[in-house]
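Pasting a structure below so you can have a look.
Lettering of chains follows the sequences in order, A, B, ..., and the numbering in each one begins at 1.
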Amino acid sequence: RLRKWQTRARVQTSYERNFIQAAQELERLKSSMGVPRPCVEQALEIYRQALEKELVRGRSVEAMAAAALYMACRMMRMPRPLDELVRYTKASRREVARCYRLLLRELNVKVPISDPVLYISRIAEQLKLSGEVVKAAIDILQRAKKAGITAGKDPAGLAAAAVYIASLMHGDNRTQKDFAVAAGVTEVTVRNRYKELAKALNIKVPVK
Amino acid sequence: MSTTGPTYRIENIVATVNLQVELDLEMLAERLAMAEYNPDQFPGLILRLTKPRISALIFRTGKMVATGAKNEEDLKNAVRALVKLLKDHGADVPFDPEVQVQNIVASGNLHAEVDLEQAVLMLENAMYEPEQFPGLIYRMTNPRVVILIFGSGKIVCTGAKSERDVATAVQKLYNQLKELGVLYVEEGAEEEESEEELEEL
DNA sequence: AAGTTACTTTCAAAAGC
DNA sequence: GCTTTAAAAAGTAACTT
């Protein structure tokens, strides 16, 4: 056994072993969550940098890999909510969030500010909405941002409400709950954002 | 009429007290009805005072942590009350133990809305993740405090060891944000905000 | 849909796991 | 790192009524 250990130690450092574990975990997340390959590749690069800066010490490979993937998806402009990502890992939300903050601080990476517009496509896909509706929703969000009513709000909730309003204006008859589920927020949140957006942007919704 | 600069109010003071003597927490827990003591869960005995509403964590080593005070006066009164309480229940503790303020939490108001997206791009050591928390988290270097900044202009300052640090930090934050041009006052509300917070200093 | 309660974030100290 | 205390901010969530 000693010889086997020596052989392994010679060809595979702890760094490499850890990296391989992370790569396997990211591969698993990719297939279970349906994350695009570019995001996984970006996550691998982030994880590699984290390993080089020894940020993985004392932390679980799963938590750091999940945090790297979360960051990678945002960098690739294909954000996945942290709460959704956490459902596929055995690491706790708290641990993943802590790793993410560590990566933000220690790596010289720029993660774009979370933009509610990026949450529209996923909602639209799930509800099979038209390009017209998507365009209208994007316009609503841009106006909302100019009106200064988006500060501190969950981008997913803002996106859900914008798409809901855009759908109503295009004669769609799906409920607030459909949009809430698609966005991963509650109906209460969609309703609150909807009221604020309609009021601030003077949006009149056709009474069906 | 002047809703000029920023205002703040101390919400909580955390302090440590060193009684310099070993304490029998088991005995104290038996004699003090209001005491909460679950050594399996936490090594400290928990006492909640009601006069000034302050909570104390008392440890075997004679060290304690007092939280909940809104001013130094309440803190001093609480320490006196705690000392008397412990003495009355068999613990031989000194009358005026050493008290050290460890952290001060204050809420505040910049009286102007803040463009958090712009602010996070221009401030060093700032983080803004609306997906997880509505406030921008700003780590100020000097004074060394952490400030949570909300879009409404309301803030929370924590980590300060003195009220002076809070005052300095809040004013400095206001100046920095103003300089960065990320503060906005509602067009028709330059001089309002109805609330009664005249007692903020 | 309104209300209530409760959790997210930040901080520091204590003793011990 | 965790456990426990307290407190505020604004948003979101989960129950009740």
- Give the nucleotide from the list D:dA10, D:dT5, D:dA7 with an atom nearest to the side chain of B:N12.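 Of D:dA10, D:dT5, D:dA7, D:dA7 is nearest to the side chain of B:N12.
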- Query: What integer distance in Å separates B:I137:CD1 from D:dA10:C1'?
  - Reply: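 Those two atoms, CD1 and C1', are 13 Å apart.
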- Query: Would one find a side-chain N or O of B:R53 under 4.0 angstrom from OP1 or OP2 of D:dA7?
  - Reply: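 For B:R53, the contact criterion (side-chain N or O under 4.0 Å from OP1 or OP2 of D:dA7) is met.
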- Kindly say if A:R59 contacts the phosphate of D:dG1, meaning a side-chain N or O under 4.0 Å from OP1 or OP2.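 Checking D:dG1 against A:R59, no side-chain N or O comes under 4.0 Å of OP1 or OP2.
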- Item | Rounded P spacing from C:dA2 to D:dA8 in Å |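 Straight-line distance between the two P atoms is 25 Å.
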- Message: Rounded to whole Å, how long is the line connecting atom CZ of B:R60 with atom P of C:dG16?
- Response: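 Atom CZ in B:R60 sits about 4 Å away from atom P in C:dG16.
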- Query: Taking for each residue the nucleotide of DNA chain D with the nearest heavy atom, is it B:G153 or B:P43 whose nucleotide lies nearer the 5' end?
  - Reply: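 Per heavy-atom nearest nucleotide, the more 5' residue is B:P43.
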- Query: To the nearest Å, how far apart are A:R93 CZ and D:dA13 C1'?
  - Reply: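 In whole Å, D:dA13 C1' lies 13 Å from A:R93 CZ.
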- Query: A:R98 has a side chain; which of D:dG1, C:dA15, C:dA2 sits nearest to it?
  - Reply: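 When the side chain of A:R98 is considered, D:dG1 is the closest of D:dG1, C:dA15, C:dA2.
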- Message: Looking at A:E25 and A:R28, is there a salt bridge between them, counting it only when a charged N and a carboxylate O are closer than 4.0 Å?
- Response: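 Yes, A:R28 and A:E25 are salt-bridged.
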- Rounded P spacing from C:dG3 to D:dA7 in Å: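 These two P atoms come out 24 Å apart once rounded.
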- Task: Check the distance between D:dA7's C1' and B:D74's CG and give it to me in whole angstrom.
- Result: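 Those two atoms, CG and C1', are 14 Å apart.
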- Message: Both B:T61 and B:T158 contact DNA chain C. Which one's nearest nucleotide lies toward the 5' end?
- Response: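 It is B:T158, whose closest nucleotide lies nearer the 5' terminus.
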- Message: Starting the side chain at C-beta, find the nucleotide from C:dA15, D:dA10, C:dT10 nearest to B:F59.
- Response: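 The closest nucleotide is C:dA15.
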- Between A:E62 and A:T89, does any side-chain donor sit less than 3.5 Å from a side-chain acceptor?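 A:E62 vs A:T89: no donor-acceptor pair found between side chains.
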- If you measure from the P atom in D:dA13 to the same atom in C:dT9, how many Å do you get, rounded?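 Roughly 15 Å separates the two P atoms.
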- Sugar-phosphate only, base, or nothing, as touched by A:G152 at under 4.0 Å among non-hydrogen atoms: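 Answer is sugar-phosphate: A:G152 comes under 4.0 Å of backbone atoms only.
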- Electrostatic pair A:E45:A:R48 at N-O distance under 4.0 angstrom: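 Answer for the salt bridge query: yes.
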- Message: Nearest to the side chain of B:F150, heavy atoms from C-beta on, is which of D:dA9, D:dT4, D:dA6?
- Response: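 The listed nucleotide nearest to B:F150's side chain is D:dA9.
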- Item | Euclidean distance, atom CZ of residue A:R191 to atom C1' of C:dA2 [Å, nearest integer] |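 One finds 11 Å between C1' of C:dA2 and CZ of A:R191, rounded.
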- Query: Which listed nucleotide (C:dA14, D:dG11, D:dA8) is nearest to the side chain of B:L57?
  - Reply: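 Minimum distance to the B:L57 side chain belongs to C:dA14.
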- Item | Phosphate contact (C:dC11 OP1 or OP2) by B:R144 side-chain N/O below 4.0 Å |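 No, B:R144 has no side-chain N/O under 4.0 Å of OP1/OP2 on C:dC11.
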- Does A:K53 reach the main-chain N or O of A:E106 with its side chain, forming a donor-acceptor pair under 3.5 Å?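 Present.
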- Item | Proximal nucleotide (of D:dT3, C:dA12, D:dA9) relative to the A:R94 side chain |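 Closest nucleotide to the A:R94 side chain: D:dT3.
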- Task: Verify the distance criterion only: is there a donor paired with an acceptor across the side chains of B:Q176 and B:Y138 at less than 3.5 Å?
- Result: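 Looking only at side-chain atoms, B:Y138 and B:Q176 do form a donor-acceptor pair, the distance falling under 3.5 Å.
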- Query: Is any side-chain nitrogen or oxygen of B:R48 closer than 4.0 Å to OP1 or OP2 of D:dT5?
  - Reply: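 So the side-chain polar atoms of B:R48 do come within 4.0 Å of the phosphate oxygens OP1 or OP2 of D:dT5, strictly under.
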- Message: If the cut-off is 4.0 Å, is B:S107 near the phosphate of D:dA9, judged by side-chain N/O to OP1 or OP2?
- Response: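 B:S107 to D:dA9 OP1/OP2: no side-chain N or O under 4.0 Å.
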- Nearest-Å distance once atom C1' is located in both C:dA1 and D:dA9: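 One C1' to the other, the span is 25 Å.
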- Query: When you measure from the side chain of B:V105, which nucleotide among C:dC11, D:dT3, D:dT5 comes out closest?
  - Reply: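 When the side chain of B:V105 is considered, C:dC11 is the closest of C:dC11, D:dT3, D:dT5.
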- Task: Check every strand shown and say whether B:A15 touches a base, only sugar-phosphate, or nothing at a heavy-atom separation below 4.0 Å.
- Result: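 No contact.
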- Item | Length of the CD-P vector between B:E131 and D:dA13, whole Å |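 One finds 12 Å between P of D:dA13 and CD of B:E131, rounded.
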- Query: Do we see a donor-acceptor contact under 3.5 Å between the side chains of B:Q118 and B:Y128?
  - Reply: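 There is no such pair between these side chains.
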- Query: For B:M64 and B:M127, take the nucleotide of DNA chain C holding the closest heavy atom to each; which residue's nucleotide lies nearer the 5' end?
  - Reply: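 Going by which nucleotide is closer to the 5' end, it is B:M127.
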- Query: Over how many whole Å does the gap from B:L19 atom CG to C:dA14 atom C1' extend?
  - Reply: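 Result: 12 Å.
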- Task: State which residues pass salt bridge (Lys or Arg N to Asp or Glu O under 4.0 Å) with A:R80; sequence neighbours excluded, sorted by chain then number.
- Result: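 Per chain and number, A:R80 pairs via salt bridge (Lys or Arg N to Asp or Glu O under 4.0 Å) with A:E84.
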- Query: Base, sugar-phosphate, or nothing for B:V14, non-hydrogen atoms under 4.0 angstrom?
  - Reply: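 It contacts base atoms.
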- Have a look at B:V101 and say if it touches a base, only the backbone sugar-phosphate, or nothing, with a 4.0 Å heavy-atom cut-off.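 Counting heavy atoms under 4.0 Å across all strands, no contact is made by B:V101.
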- Would you kindly compare B:L148 and B:V65 by the position of their nearest DNA chain D nucleotide and give the one closer to the 5′ end?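 The residue whose closest nucleotide sits nearer the 5' end is B:V65.
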- Length of the line joining B:Y128:OH and D:dA10:C1', which is rounded to integer Å: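 Going from OH in B:Y128 over to C1' in D:dA10 covers 10 Å.
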- Short side-chain N/O contact from B:T16 to OP1 or OP2 of C:dA14, under 4.0 Å: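 For C:dA14, neither OP1 nor OP2 has a side-chain N or O of B:T16 closer than 4.0 Å.
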- Query: For the side chain of B:E11, counting heavy atoms from C-beta on, which of D:dA7, C:dC11, D:dA6 is nearest?
  - Reply: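 Selected nucleotide (nearest to the side chain): D:dA7.
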- Query: Among side-chain atoms of A:T189 and A:N192, is any donor-acceptor pair under 3.5 angstrom?
  - Reply: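 A:T189 vs A:N192: no donor-acceptor pair found between side chains.
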